[in-house]
There are 2 protein chains.
Amino acid sequence: MVTLRDVARVAGVSLATASRAMSDAPHVSAANREQVARAAESLGYRPHPAARALTTGSTGTVGLVVPDLANPFFAAVAKGVQARARETGRDVLVADTDEDVAVEPDVITRLGDRVDGLVLCSPRLPADALGPLLAAAGGPVALVNRETPDAPSVSFDIADGVRQALDHLRALGHDVVAYAGGPRTSWSDGERRTALGALAGDTVLDLGSFRPTHGGGVQAADLALAAGATAVLCFNDLVALGVLARLHARGVATPADVSVVGFDDVAAASLVTPALTTVAVPLARAGRTAVDLLGAASAPPDHRRLPVELVVRSSTAPAPPTPVQPDPRTTVPRTADPEVVIR
Amino acid sequence: MVTLRDVARVAGVSLATASRAMSDAPHVSAANREQVARAAESLGYRPHPAARALTTGSTGTVGLVVPDLANPFFAAVAKGVQARARETGRDVLVADTDEDVAVEPDVITRLGDRVDGLVLCSPRLPADALGPLLAAAGGPVALVNRETPDAPSVSFDIADGVRQALDHLRALGHDVVAYAGGPRTSWSDGERRTALGALAGDTVLDLGSFRPTHGGGVQAADLALAAGATAVLCFNDLVALGVLARLHARGVATPADVSVVGFDDVAAASLVTPALTTVAVPLARAGRTAVDLLGAASAPPDHRRLPVELVVRSSTAPAPPTPVQPDPRTTVPRTADPEVVIR
DNA sequence: CGACAGCCTGGAACCGGTTCCAGCGTGTTC
DNA sequence: GAACACGCTGGAACCGGTTCCAGGCTGTCG
């Protein structure tokens, strides 16, 4: 292994000078700078990351914590984080919590020690547990798809996305829109619900909370049908895909009988038939922005809201003249509580 | 920041003893061991990773290089790598080459310096460039979905997967099977082609090479139709999904008129309609196994082939009595060269 | 009762860089 | 021509751990 001492010896200068030359510091003559560069090149010198980290205190690494790497939503964010980090000469240490809230604190503190900054994507931790943890991380932290007063964050203009979706469905003649919600503990589900309440309080039918997966959508579809909804707005694309699949299986035509709108614009959304109308969210950009926020600590913390855009595809159409009748043989389960209107 | 010196002072022992106590080394009295543990606990001591790495030469980190984090295939492998690394007390440094061969060498050498071992998933680099690079990594390397004599690897029993798919289609009465191939430079496409040639030389119709994406499948579907194929075996699930979508768009019924088989069993495969019959590949397990191979260097290197399993869903059915006629108005493009039979 | 073995212990060297500081040489200015 | 400023240089301290080595203590055996 070749160290800086070797480079210094070959270049005929002291260790200190070699170090300065390598890091483009001032107080090095052009001749020596050249000598050192040449020696380093010929020896194939590569600085030892740990040694550098020990003295400078900076590791050249950013951490990323996501609930599930295999979820296309997080994968897209991860890609953005990775790309931006590489552009700025840093590496990414990634941790997958497997959707388990209990491991989040461990992972955050462990990673916190090893990185220059930490990006937390959609942490599931409740606000009161998150706050103290951010301090314990011991370095800059930026959140994605979650907001808290204690740290900078980048999230999406969910209210505007909900408005665009609602405007679109109303323009198509859907007077009442059913909402297939995500987990109650989800910050972004809360944002959607708040927006729905503010924008269209008494014309939104709450189908309840579902797991943010294909299965959750399947479940929601039956409730939507039972309630006689002509349009379903979904927590995310996976849920929307589940709704689509279930409607198809039950012989309900989309978009002729029921329109479906998703959220996120995951890759699969445009590949399915009918192609999904959905609120596109700049996931990779969010990842990139989060990395940039790590560098720019400010007080009060910076909260970015990235713009979103409704992408109209083939899963939405004008409301049918006579909406599907609620199936008289079915009843809506209590837990879904579809009578409750969001305010 | 609290260092081991602080712990030693509080515990009333020397730095050396404190170090030994913390790392469960021998030659420490039970009393001192207890004192040190207590002091470390009360001070909230956490060892400095860079300092440890500097002396021991081990970083407690494994590297992972993938072509595209957002591709569900690689995401699943990454999840496996991450899980196994965490179980063994290590972290994962991940790099996404964005499908660009040119950046692979850079990424590999850069990451190689910072990790105890490197997992390379589906490197696109040609064999003659890969070999030297593995040495340059300067530590143990394990490959996933790629084999080379120079390093241990974990791949899949592709030949058996191809056999299962072929047996299935033949049992359904498909005499000739079209193959929608992946990139010529892909090692695993080569494996599929070799298996096809060995198993069914003159009953396989080569549709050509396509980008391993939905778009590639769309492209392949038209060629399959033009050639009058009743069954299409695809390089991977994304291609199969594209084929399915295009057949649907052109009014061809699946599986009644044409059967489609994918490869990998990505999550989307089971969510689409008709659900995709595909060769399921243990992606996460491959990731875990690769991490284990890093620890167990052996000569000659260990090459694991994980078993695969055909999952029969709804995209395959008995061959139609009278196959779809090749559309007389279309001709098969030259580049696809469907006349060429794999041997 | 003395010698020897063996377990603990702490001082010090070391890992590979970065950076402070003192010293040297040159150029500039009264 | 002397004093001063400034740029370059290398010796040495330092970052926070790990580990070698010498020495002290206790226990056992002859």
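All values derive from a computational prediction rather than experimental measurement. Proteins come first, then strands; the chains are lettered A, B, ... in the order of their sequence lines, and each starts at number 1. Both backbone and side-chain heavy atoms feed into the values below; hydrogens, waters and symmetry mates do not.
Here B:R52 reaches the OP1 or OP2 of D:dT18: one of its side-chain N or O atoms lies under 4.0 Å away. In this structure, A:S14 does not reach the D:dG11 phosphate: none of its side-chain N or O atoms is under 4.0 Å from OP1 or OP2.
Checked by atom type, the side-chain pair A:S155/A:E147 shows a donor-acceptor distance below 3.5 Å. Side-chain atoms of A:D116 and A:S58 form a donor-acceptor pair, as typed in the model, at a separation below 3.5 Å. Side-chain polar atoms of A:D91 and A:T61 form no donor-acceptor pair below 3.5 angstrom. Of the N and O atoms on the side chains of A:T3 and A:R5, not one donor lies less than 3.5 Å from an acceptor on the other residue.
Contact check for B:V81 versus B:V291: side-chain heavy atoms found under the 4.5 Å cut-off.
Closest approach to the B:T17 side chain among C:dT9, D:dG16, D:dT9 is made by C:dT9 (side chain taken as heavy atoms from C-beta onward). Here the nucleotide nearest the side chain of B:L4, chosen from C:dG17, D:dT18, C:dT9, is D:dT18. Which of D:dT9, C:dG17, D:dG17 sits closest to the side chain of A:S29 comes down to D:dT9. Closest to the A:T55 side chain, of the nucleotides C:dT18, C:dC7, D:dG10, is C:dT18. Side-chain proximity of A:A16 to D:dG10, C:dT9, C:dG17: nearest is D:dG10. Checked against D:dG11, D:dT9, C:dG16, the side chain of A:N32 finds its nearest nucleotide in D:dT9. Side-chain atoms of A:S19 lie closest to C:dT18 of the nucleotides C:dG17, C:dT18, D:dG17.
Nearer to the 5' terminus of DNA chain C, by closest-nucleotide assignment, is the contact made by B:V13 (compared with the other of A:T3 and B:V13). Remark on DNA chain C: of its neighbouring residues B:H27 and B:L54, the 5'-side contact belongs to B:H27, judged by nearest-heavy-atom nucleotide.
Rounded to whole Å, atom C1' of D:dC15 lies 16 Å from atom CG of A:D113. In this entry the distance linking CZ of A:R33 with P of D:dT9 reads 9 Å, nearest Å. Atom C1' of nucleotide C:dT18 and atom CZ of A:R20 are separated by 10 Å, given to the nearest angstrom. Distance A:D6 CG to C:dC15 C1': 14 Å, rounded to the nearest Å. In this entry the distance linking CG of A:L15 with P of C:dT18 reads 9 Å, nearest Å. For B:R5 and C:dA12, the CZ to C1' distance is 11 Å, given to the nearest whole Å.
For the segment residues 38-50 of chain A, the set of residues with a heavy atom within less than 4.0 Å of an atom of DNA chain D is empty.
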Could you walk me through whether A:V2 and A:R46 pass the side chain to side chain contact (heavy atoms under 4.5 Å, CB included) test, one step at a time?
CA-CA 8 Å; A:V2 34; A:R46 275 159 8 208; over 6 Å; no
Determine, stepwise, if the pair B:E191 / B:F156 fulfils side chain to side chain contact (heavy atoms under 4.5 Å, CB included).
CA-CA 10 Å; B:E191 291 290 292; B:F156 307 105; over 6 Å; no
